[in-house]
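Lettering of chains follows the sequences in order, A, B, ..., and the numbering in each one begins at 1. Note that this is a predicted model, so its numbers are computed, not measured.
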Amino acid sequence: MDYNFKEIEKKWQAYWAENQTFKTEIDPSKPKYYVLDMFPYPSGAGLHVGHPLGYIASDIYSRYKRLKGFQVLHPMGYDAFGLPAEQYAIQTGQHPEVTTTNNINRYRSQMDRIGFSYDWDREVRTCDPGYYKWTQWAFLKMFGSWYDRSAGKARPIEELVQAFERGGSRAADAACSEDMAFSAKQWKAYSDREKSDVLMNYRIAYQGETAVNWCADLGTVLANDEVKDGLSVRGGFPVEQKKMKQWQLRVSAYAGRLLDGLDKIDWTDSLKEIQRNWIGRSEGAEVVFKCWNGVTEHDVTIFTTRVDTIFGVTFMVLAPESDLVDILTAPECKAEVEAYLAYVRKKTERERIAETKTVTGVFSGSYGINPFTGEKVPIWISEYVLAGYGTGAIMAVPAHDSRDYAFARKFGLPVVPIIEGCDVSQESFDAKEGRMCNSGFLNGLEVKEAIPAAIDYVEKEGLGRRKVNYRLRDAIFSRQRYWGEPFPIYHKDGIPTPVAFEDLPLRLPEIDAFKPTESGEPPLARAKNWTYRGYPLETSTMPGFAGSSAYYLRYMDPHNEQALVSKEANAYWRDVDLYIGGTEHATGHLIYSRFWNKFLYDLGYVCEDEPFRKLINQGMIQGRSSFVYRVVGTNRFVSLGLKDQYETTEIHVDINLVRNDRLDLAGFKASRPEYADAEFILENGEYVCGWAVEKMSKSMFNVVNPDKICDDYGADTLRLYEMFLGPLEQSKPWDTQGIDGVHRFLRKFWRLFYEDGTLSVSEEKASRAELKVLHKLIGKEQADIEAFSFNTTVSAFMIAVNELGELRCRKREILEPMTVLLSPFAPHIAEELWRALGHTESITYARFPEFDPALAAEDTVTYPVSFNGKMRFTIDLPKSLAAAEVESSIRALDQTARYTEGKQVVKVIVVPGKIVNFVLK
RNA sequence: GCUCUGGUGGUGGAAUGGUGGACACGAGGGACUUAAAAUCCCUUGGGCAGGAAUGCCUGUACGAGUUCGAGUCUCGUCCGGAGCACCA
């Protein structure tokens, strides 16, 4: 029998499915291990070879852990709500559910061919009502909770109400959108409507008016991580800042915990760093400046990390969007300020980013009093101060902040240096070093001493307080779209009220068209009877990240109708031990999921504070595009080596028409009508194509479909080759050329068992040399898999199989464990050979072979050697060496060893093949 | 600007501080074959010497340093990739 991968793979895939080989239940007798892939968004294009890279790695690890005796949870599902399906629906009128289901089926059939060991009974789809019931449930829990800063956790909103009744707003230290002050008496006097408004200020899921990213082309608001360089990540449409009332999640309350939690988890430094940047902690103080607009007095609180520079303040600046602008604009400046605000409002986010170098601003006509010096400084308004960070107002120290410096120079404001000896004639001195001067009681201190001294003074004198600020904002949670989870909220006389738990899931209604209404309301407003208990339901839907934030918990107990996850299932599976996925989710999903999990942890629904213990980011697989060169103005194409002799245009050519960079001329002519009569200028009778590494995409004609690889080489070859390409975490181009080597390896492996088509495995005892090959491999594979170095493991396999081939080893004692070792990587061929050896149970239930280091090691003897009468070595020589060879090896060492002592260089080189190791004493 | 990464043959990539380039692709040569496919063998960083076995020099972006010994550790420079960015 030959290695017929098609038959073998079909047979075992059917067998595994039929016998539910990978069905996983709680088994307290075994340690658990949870391996998770970031579930895919099923796009219409299907999978290309880049997508399964991470899935293959996680599958290998899962299978390895099973062989090691772990109970492994390894599920898969679909992130099925989202914009692309809906955009497609708007264009074609086809229901997003139909396209989504079709895409999911396509994904499933593609994944099934690769031989993954998923427990498909646990599949989840975020658009399934049975699933989004729990997304809605979690939202309601957040709606019904507040964040207690003194306890450092979320608590039920009823407890906050009790606190307010007891002692008003002072009775609780609650995270909020804006500071409020009211007494218990006032609280009790509030109407229901007023109470609702006040509580909204504290809820973890809340509706509030803030500046949001509005994308007119998509007709929806977007979260910060869905916007890049002023364009929407999906679709690339312009985004503008707009003040709107939106549902939001109080992620900012968790900023400190999200930051600290990073120290406890095993993620790459670079990914942790991305999250740290995104959270953006900075330590400083809030300081209150008394301000005067010519008519009334008003306090302005500013945030600064450099209180020490306060003696250098020469002006203050407000963000144009700040509420303070209205209050602090002096009557005589009103016209100019209005004009400036209009100018700022007109700018798109993109223009603002592009023009950060241009300095603009306007004087408000008001003045503030420096609380340290009593000095009067002018208040300006400028777009370089952001409304959303800190308090939207700053103290400007032009001598020691480059942005303030640029502003001062442009508008002729004074620059007062307060660090000894610094030169601020050309630029500001931003460094946190030097000795203070012109700074009253801070004079003579080093900057590092001055900062805490100044903060202490602020607190002691009651001028403000110590404050840690975060860049992380609350997540905007509503979308004016159809294809998402409906909010389980109805508006009862203007009061947002939760839908009762028994009525969840609140199903997505059918509507006649998937676009906004004529009056600009979200699509759900089209639904007939979109009401609850006679009141209108919320018409926004939840964003994509809602459904993906807790899916790893649902896999633990996917059919539970009473809870997101039962206590029992959660107590067993706890958290994800290994999570594999792309870095692109660093500031989105991976922040939201951690937040979501911490929230559920606070309320006691889950038992782990961090959801993902270890995280690996697989690199992207890029495409390797091919090019032909058309001579300008003709239909002649010139080969790569000769193209410099002509003026040419570079044209992408379908990589299916290219092999070894040589173009299939007939295929090329047939590919498009305009190429039918193409002529070629060849070199050595061939057309050589150029190439480049680019993103894998249809428009570059470089997409490689895994189905095609499975057809031509088999799933086992695909799996091995994807691992063989290079380190998992690195991005690398797909190059189909190298795949033959891996396929050849599998055939060689097959031929160790089969000779001339018949199984010929002997029961003879293995030799020392054969055992060495086996145990070297066991040791290597174990260490490499634990280190996720799969490419070197594949190489080690190739070496072992070559060595066994040379030894003509056909012994069961060696070959049987070899199939087990190979099974995580190439499960189909391993299963086939395992059965051929007479086993009746799947190789999945085999045990990973025991590693014996003594058998793997070189059989050596250690000899002491002295060199030059001074240096003493030990050298290890193969035991098999004859006495004469030992002597000559030692002598060779003596002559060629390289040892540098003082200035005298003596050469010492170890003779290859003779000396295994030498150790300097 | 700040932070994180990385830089090794024609290509993908190997190397607990200890023979640099494993393994594989590609290329060249050869065997088998009527032929092709498949399979197998040899050569393959660069340079020099030799009829040959082989020997010598040089080589991990660049420059210093630590070390008996550096692709690996330290500092500086250059060049990629990624993230954040008027965040006070």
Here the residues of residues 789-804 of chain A within 4.0 Å heavy-atom distance, strictly under, of RNA chain B are Asn791(A), Thr792(A), Ser795(A), Met798(A), Ile799(A), Asn802(A)

In whole angstroms, the gap separating P of G83(B) from CD1 of Ile591(A) amounts to 15 Å

- With a 6.0 Å cut-off on ring centres, are Tyr713(A) and Phe5(A) close enough? no

Rounded to whole Å, NZ of Lys748(A) lies from P of U39(B) at a distance of 9 Å

Applying side-chain hydrogen bond (donor to acceptor under 3.5 Å, both in side chains) to Tyr592(A) and not counting sequence neighbours gives Asp225(A)

By ring pair (Phe, Tyr, Trp, His ring centres under 6.0 Å), Phe749(A) pairs with (sequence neighbours left out) Phe753(A)

Those residues at least two apart in sequence (or on a different chain) that pass ring pair (Phe, Tyr, Trp, His ring centres under 6.0 Å) with Phe289(A) are none

In whole angstroms, the gap separating P of C86(B) from CD of Glu321(A) amounts to 13 Å

N/O-N/O pairs, protein side and nucleotides 3-11 of chain B side, under 3.5 Å:
| from | atom 1 | to | atom 2 | distance (Å) |
| --- | --- | --- | --- | --- |
| U3(B) | O2' | Glu273(A) | OE2 | 3.0 |

Rounding to the closest angstrom, what is the interatomic distance between G20(B) and U72(B) at atom C1'?
-> 11 Å

Taken to the nearest whole Å, OH/Tyr389(A) to C1'/C84(B) is 13 Å

Applying the Watson-Crick and G-U criteria (both distances under 3.5 angstrom) with [ ] for crossing and | for other-strand pairs, one obtains for RNA chain B (((((((..(((.....[....)))((((((.......))))))(((((....)))))..(((((..]....))))))))))))....

Taking only the P atom of each, what is the distance from C86(B) to U19(B) in whole angstrom? 50 Å

